Asks: 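Right, I'll just put the structure down here and ask away after.
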Amino acid sequence: METLIEILEDIQPDADYETCTTLIDDHILGSLQIISLVAEIEDEFDISIPTVEIKPENFNSAAALWAMIQRLQDED
Amino acid sequence: MKFTSYISIAYLAIFLPAVILLYTILPKKVRPFVLLAASFTFFWFISEWLICYILISIVSIYLIALWLNKLKDKRNALVKEAENKEQKKAIKKKSGRNQLLVLLLGVLINIGILAVIKYSPFFFVNVNLFLKLIHSSARVSVPAFAAPIGLSFYSLQAVSYIHDVYKEKIKADKNIGRVALFMSFFPVIMEGPICRYADTAEKLWSGERLHYRNVTFGAQRIAFGILKKIVIADRLNIIVTTIFKDHEAFNYDGGLILLGAILYTIELYTEFSGTIDVVIGSGEMFGVTIPENFRQPFFAKSISEFWQRWHITLGTWFRDYIFYPVTMSKPMKKMTKNCRKKLGRDYGPLPASIIAFFCVWLCNGLWHGAGWEYIFFGMYHFALISLGSLILPLSNKLLAKLHIDRHKLPYKIFTILRTALLVCIGEMIFNSRGLHDALGMLKTLFTRFTFKSIFDGSVLSLGLDGHDIIILCVTLAIVLTVGILKERGKDPRELIASTPIFVRWPIYMLLVVYTVVFGAYGAGYIPIDPIYANF
């Protein structure tokens, strides 16, 4: 989770990733940031994020992102 | 009976009430078939024998989806029996390849029909132009096809269904009736919105009984849509047609061209969103939530935000089926990683995005029509959005240096007006009579700009008198008030419904009387044909 927060802060520093649950809804992460985020997460956690996973529910908070990463790691 | 628009006596006074009546009196099990029969009947009325195209689409996606399901079941069974991870990977890879081929076959059938009917004449006309350019005497014959109304809408729905099955977002439906109703539901078949199977199919097939609230709320939405279309859009049609048709012959100045662009944008918005109100209201009557296609677009503060508020279902279709698949493809992800190392956080994801934006906007332009002016319209937005992404980090720094807060009202108003102006110029290109005409109007706009013809009264000779202008201003104020309420998260229909009966019924009556009295029909007016129905 710490690594994920570091990636998020590197991509978009202006947010409190511990508490924010509206990263997509409040346009904190736009499509450009999502593109970077997916590339970095895939590299760091050795997973492949299919496009169907790119939905607000999975990207609205660091916790949701972390849950998606763990699920994809298990599925692999 | 021939339908040319949802806002017509034939649809509103005969077809829709007849379907509601049949739906109400027949038992629950039969109701989905009532909607299906009504949808096919409606399609027959608007496109006659061209109904065969949508039937081909329905059968093709139904079979393709079942085929995909079969491949997935087979893969799952083999994976279960596999002895190790390598074997599992190999099975998944092989099955993935086969599934992709099946998906591509489905896309080829549906987009192929669209391409042949809509784009092959444009392609062959340009082949002939090229042959002429290289002084060749050879010519190819240009085919002409009759296109069924709504082809561009239901083709995208068809692709979304098989793609979502391929991606395992949804299961393939074994009920061909449900697939057929999802594809052909009569309120959405002419002008969208582009629905997703997961959002509407189940509800459409449920045969739920009609509820008083749904019917009355649906009727109110329909009434508001009619108001927008016949009081505003049809009234603006004369002046807009005059300016766009005669600007060259009468040498109109840039001020008049800009006025034409602004009025056309209002006309397009009120016509299209008015029709969508009728569509969504019709669905609401049957308890079906049709996705919203507009969310106060003229409150957008940037072009990309505008496209998240205007024709939303087309934008999300391009986002989900073109933008993300392109940017998330393996080579693009690799490119993004490399670029982030070299260009940094802000510019790293830009190259992949710009390539994806290009694909999206080329398709968006072509979706609207087979013509160079539509490609130009797409490229105009591609340039604006790419430029916006490129200068965003710089403008952020500049605003910080100048101590301008982008969240403060004056800056917000500035960005809203700037976006609206750029949108109007885009719509001017969209409504031009070709690329040459569009470039001519742009040239006039920038080289001969003056407000002379607006202030010397000659604008009043273009088809609108003082009486029309007052009605337009009052009605636009009503539409704007509704927009502001919605933007603030309030539903005007809920607000009216919460008032006592002696308040809300006069409001409903006033809306109807206002539309009947001030609607632009009869002598002196030419109602617009549904603009989006022919795309």
Side-chain angles (χ1 to χ4, degrees), chain A residues 2-17 20-60 62 64-65 67-76, chain B residues 79 85 88-89 92 96 163-170 198 301-302 304-305 307-308 315-316 319-341 343-357 360 385-386 388-390 392-393 396:
Chain A
E2 266 174 41
T3 320
L4 174 64
I5 303 269
E6 274 171 29
I7 293 173
L8 283 163
E9 276 169 355
D10 177 48
I11 286 168
Q12 173 61 279
D14 310 321
D16 179 5
Y17 292 104
C20 185
T21 55
T22 51
L23 295 173
I24 302 296
D25 299 344
D26 288 345
H27 305 288
I28 296 165
L29 294 179
S31 52
L32 295 190
Q33 283 84 19
I34 291 173
I35 293 167
S36 296
L37 189 57
V38 169
E40 293 298 325
I41 288 176
E42 286 193 348
D43 224 17
E44 186 63 42
F45 298 99
D46 194 25
I47 52 168
S48 173
I49 302 176
T51 47
V52 278
E53 298 288 351
I54 301 168
K55 47 190 176 186
E57 305 93 276
N58 286 341
F59 283 74
N60 252 334
L65 269 164
M68 180 190 73
I69 292 167
Q70 286 182 314
R71 182 165 44 79
L72 290 172
Q73 276 176 330
D74 289 345
E75 277 173 18
D76 208 31
Chain B
V79 165
K85 220 176 172 180
K88 280 183 187 174
K89 254 191 175 170
K92 280 184 185 172
H163 184 272
D164 290 354
V165 171
Y166 168 75
K167 286 285 181 185
E168 295 178 37
K169 268 188 185 174
I170 51 170
K301 292 181 280 299
S302 67
S304 25
E305 192 191 346
W307 282 96
Q308 289 164 23
T316 50
R319 183 197 67 196
D320 293 348
Y321 303 110
I322 296 183
F323 183 80
Y324 280 134
V326 170
T327 50
M328 297 300 161
S329 62
K330 272 185 187 160
M332 288 294 169
K333 278 181 188 168
K334 207 174 162 190
M335 184 201 255
T336 300
K337 274 177 214 165
N338 289 336
C339 290
R340 265 176 60 78
K341 280 177 198 148
L343 304 172
R345 185 184 70 205
D346 293 332
Y347 293 108
L350 270 182
S353 308
I354 287 176
I355 292 170
F357 283 145
V360 164
I385 290 177
S386 302
S389 304
L390 269 172
L392 187 66
N396 280 343

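Values in this document were obtained by computation on a predicted structure and should not be read as measured data. Just the heavy atoms: all of them, side chains too, but no hydrogens, waters or symmetry mates, feed the values below. Every chain is numbered from 1 and lettered A, B, ... according to where its sequence line falls, protein lines coming before strand lines.
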Asks: Would you please test Arg340(B) and Asp10(A) for salt bridge (Lys or Arg N to Asp or Glu O under 4.0 Å) and show each step?
Replies: CA-CA 11 Å; Arg340(B) 265 176 60 78; Asp10(A) 177 48; 2.7 Å; yes
Asks: Starting at NZ of Lys169(B), measure out to OG1 of Thr51(A) and round the result to the nearest 0.5 Å.
Replies: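 The NZ atom of Lys169(B) sits 7.0 Å away from the OG1 atom of Thr51(A).
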Asks: Let me confirm one number: the NZ-CD distance from Lys330(B) to Glu42(A), rounded to the nearest 0.5 Å.
Replies: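 Rounded to the nearest 0.5 Å, the NZ-CD separation comes out at 9.0 Å.
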Asks: State the OG1-CD1 distance between Thr327(B) and Ile35(A), to the nearest 0.5 angstrom.
Replies: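 These two atoms lie 4.0 Å from each other.
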Asks: Please classify the contact between Ile34(A) and chain B as side chain, backbone, both or neither, with a heavy-atom cut-off of under 4.5 Å.
Replies: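 Both the backbone and the side chain of Ile34(A) come within 4.5 Å of chain B.
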Asks: Around atom NZ of Lys337(B), are there more than 12 heavy atoms from other residues, nucleotides or ligands closer than 6.0 Å?
Replies: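 Result for NZ/Lys337(B): enclosed.
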Asks: Is there side-chain contact between Val38(A) and Lys333(B), with heavy atoms separated by less than 4.5 Å?
Replies: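 Contact flag for Val38(A)/Lys333(B) side chains = yes.
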Asks: OH of Tyr324(B) to CD1 of Ile49(A): how many Å apart, nearest 0.5 Å?
Replies: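 The CD1 atom of Ile49(A) is 12.0 Å from OH of Tyr324(B), to the nearest 0.5 Å.
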Asks: Starting from the C-alpha separation in whole Å, work towards a yes-or-no answer on side chain to side chain contact (heavy atoms under 4.5 Å, CB included) for Val52(A) and Glu168(B).
Replies: CA-CA 8 Å; Val52(A) 278; Glu168(B) 295 178 37; over 6 Å; no
